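Beneath this line is the structure, given in structure tokens, with notes to follow.
Nothing here was measured: the structure is a model prediction, and the numbers come from that model.
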Amino acid sequence: MVTRTMGYSPERLRHLFNALNDGIIVMDKDRVIVFINPSATRMTGWELGDWIPYCRYCQAREVGAGEERCFLAGQREVSYFESELPTKQGAYVPVGMSRTFLEAPGGETSRDMVIVIRDVTRERQAKELEMRARLNRMTLEVQEQERKRISQELHDGVSQSLYAVDLGMEHLKRQAPSRLHRALDDLRAQIKRCSQEVRALSHTLYPSLLYDLGLSAAIRMLSEEMSTSGCRIDVTMNKEWPAGDLGGIAIHLYRIVQEAVHNAISHGRARHIQIHMTCAELCEVEIRDDGCGFDAEQIKLLPGYGLKNMRERASALNGVLEIDSQPGQGTRVRVIFPNPLG
């Protein structure tokens, strides 16, 4: 409640209010503006003498007989509220509103209400971005948990069943006529190939080496496995990463490298891939290939899940992902993020 001017003249107070970044609106009991500073006019378009409409919340809320529709005017114990204030142009601006009442001569509270408004658009956008980032992190965590579950099912279920079938086929071969031995050997060979594919899929879904020996060992193993496709993959690092997931950082990096290498071989038809990892004040992981490349601007318009997943994982690292490519000139994928190793 405004009670004193602390020795300031009305002209000086007016100059002070006009210099504030926050908007100030004084309205009478009929919601007619009797004072408004330039910041409030810039935010809303309303001017001195205008009748100011109710905020979006007050327009829509149900009120009883004799109840004040304006929430801030009717709730004396509530002095701050966030809503969307209508502008003179017919749009809405999200604002935080602080309310007080002026004193009339004689010390009684008048019906003139002072509202200090602050544009909270950026704050809302920041909260939305934070919520979106949190949702992305939770989604990635759920994905990794599901990958781990499926990997364990493949290892403990399918792999063990295939092993049991192979043992059964070996026992059956000893009992079968010699004319069936070759057919049984062919079936056992198919079972072993299937078992190898299941183990490879299990490792792809859940790289246990990452947690047992660390990111450095897991990426080297990935490069060895992918090199069997005829593409040479070189890995250089200036620091060894310890065992464990480092709060989710290691798995995000592993998945980014895994996706980049897979794309380079499957889509770029690369013959040579270089993976370079450095950690100092910042960490940087670069995957460079000599593949056919692509138009980096056009690829942003495609609905592919792989690049989107890589960007979300880079965001989860509080880092940035850069992709440079041109048709016929190969591709460079680069992620930069804060150093988790200290």
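Interatomic distance, CE of Met43 versus OG1 of Thr121, reported as 9.5 Å (0.5 Å rounding). Rounding to the nearest 0.5 Å gives a distance of 10.5 Å between OG of Ser178 and NZ of Lys173. Atoms CZ and CG, on Arg182 and Leu187 in that order, are 12.5 Å from each other to the nearest 0.5 Å. In this structure, Thr44 OG1 and Ile52 CD1 are separated by 5.5 Å, a value rounded to the nearest 0.5 Å. For the atom pair CG of Asp112 and CZ of Phe101, the computed distance is 10.0 Å after rounding to the nearest 0.5 Å.
For Arg179, the side chain to side chain contact (heavy atoms under 4.5 Å, CB included) partners two or more places apart in sequence, or in a different chain, are Pro177. Residues that satisfy the side-chain hydrogen bond (donor to acceptor under 3.5 Å, both in side chains) test with Ser98, not counting sequence neighbours, are absent from this structure. Considering only residues two or more places apart in sequence or on other chains, Tyr211 meets the ring pair (Phe, Tyr, Trp, His ring centres under 6.0 Å) condition with Tyr206. Glu240 pairs by the side chain to side chain contact (heavy atoms under 4.5 Å, CB included) definition with Ser216, Arg220, not counting sequence neighbours. Taking Glu47 as the reference, nothing meets the side-chain hydrogen bond (donor to acceptor under 3.5 Å, both in side chains) condition, with sequence neighbours excluded. For the disulfide (SG to SG under 2.5 Å) test, residues two or more places apart in sequence or in another chain that qualify with Cys283 are Cys279. Scanning for side-chain hydrogen bond (donor to acceptor under 3.5 Å, both in side chains) contacts around Arg99 gives an empty result, with sequence neighbours left out. By the side-chain hydrogen bond (donor to acceptor under 3.5 Å, both in side chains) test, Arg69 pairs with no residue at all, sequence neighbours left out. Partners of Glu153 according to the side chain to side chain contact (heavy atoms under 4.5 Å, CB included) rule, which considers only residues two or more places apart in sequence or in another chain, are Arg149. For Leu172, the side chain to side chain contact (heavy atoms under 4.5 Å, CB included) criterion is met by Leu184, not counting sequence neighbours.
Residue-environment remark: NE2 (His267) exceeds the threshold of 12 foreign heavy atoms within 6.0 Å. Around atom OH of Tyr92, more than 12 heavy atoms belonging to other residues, nucleotides or ligands sit under 6.0 Å away.
Applying the salt bridge (charged side-chain N to carboxylate O under 4.0 Å, His left out) test to pairs two or more places apart or on separate chains, those with a residue in residues 275-290 are Glu284-Arg334, Glu286-Arg288, Glu286-Arg332.
Taking the six-membered ring wherever Trp is involved, the centroid distance between the rings of Tyr54 and Phe71 does not fall below 6.0 Å.
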For residues 22-30, dump all side-chain donor-acceptor pairs below 3.5 Å to protein atoms at least two apart in sequence or in another chain.
| unit_1 | atom_1 | unit_2 | atom_2 | d |
| --- | --- | --- | --- | --- |
| Asp28 | OD1 | Asp30 | N | 2.9 |
| Asp28 | OD1 | Arg31 | N | 3.2 |
| Asp28 | OD1 | Val32 | N | 3.0 |

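Arg255 and Gln258 form a side-chain donor-acceptor contact under 3.5 Å, judged by distance and modelled atom types alone. Between the side chains of Asp234 and His272, at least one donor N or O lies within less than 3.5 Å of an accepting N or O.
One finds a salt bridge joining Arg61 and Glu67 here, because a Lys/Arg side-chain nitrogen approaches an Asp/Glu carboxylate oxygen to under 4.0 Å. Between Lys308 and Glu312 there is a salt bridge, since a side-chain N of the basic residue sits under 4.0 Å from a carboxylate O of the acidic one.
Paired with Ile251 under the rule side-chain contact (heavy atoms from CB on, under 4.5 Å), one option of Leu215, Ile256, Leu210 passes, and it is Leu210.
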